[in-house]
Amino acid sequence: MQTLNVRELRSAIPHLRETLEREHELVLVSNGEPIARILPIKAAPALKSLAAFRASLGRTLPDSTPDIRADRDRR
């Protein structure tokens, strides 16, 4: 982990990719206090299709249709 102040960050921007590959994490400090952490983005796996992705999620919540209908009927 490397710490940078704002001035150092401005000068490091052109080489930020190489710095992140080498250090894996940067901490931005202002007046000696850490204010941000810069991490590389991990590439997300490619999806074959949106439908396949949705099918892989499964149902996480019960169907709310009966509750909504019951609420409407009470009004």
Side-chain angles (χ1 to χ4, degrees):
M1 177 176 63
Q2 180 180 355
T3 60
L4 300 171
N5 63 33
V6 175
R7 181 177 292 133
E8 292 168 335
L9 179 64
R10 285 186 191 136
S11 66
I13 286 177
H15 309 287
L16 197 55
R17 182 184 304 258
E18 294 84 14
T19 305
L20 280 172
E21 286 174 358
R22 186 178 64 248
E23 298 291 334
H24 306 292
E25 176 179 332
L26 299 173
V27 176
L28 181 60
V29 296
S30 178
N31 296 326
E33 294 291 322
I35 59 170
R37 185 168 65 163
I38 302 171
L39 302 170
I41 295 176
K42 294 179 182 175
L47 298 176
K48 294 180 181 175
S49 73
L50 184 57
F53 172 69
R54 287 181 177 157
S56 73
L57 293 177
R59 284 223 48 122
T60 57
L61 298 174
D63 186 16
S64 61
T65 305
D67 296 330
I68 293 171
R69 286 192 179 135
D71 184 52
R72 287 180 186 164
D73 291 342
R74 282 193 297 262
R75 291 183 191 181

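Side chain of Glu33 to backbone of Ser30: no donor-acceptor contact under 3.5 angstrom is found. Listed for the Ser49 side chain is a donor-acceptor partner under 3.5 Å among the backbone atoms of Ala52.
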Show every donor-acceptor pair shorter than 3.5 Å between a side-chain atom in residues 12-25 and any protein atom, with sequence neighbours excluded, or say none if there are none.
{"from": "Thr19", "atom 1": "OG1", "to": "His15", "atom 2": "O", "distance (Å)": "3.0"}

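Residues Val27 and Leu39 are members of separate hydrophobic clusters, defined by side-chain heavy-atom contacts under 4.5 angstrom among Ile, Leu, Val, Met, Phe, Trp and Tyr.
Counting heavy-atom neighbours within 6.0 Å of Asn31 CG, excluding the residue itself, gives a total of 12 or less.
A salt bridge links Asp71 and Arg75; the closest N-O separation between the charged side-chain nitrogens and carboxylate oxygens is under 4.0 Å.
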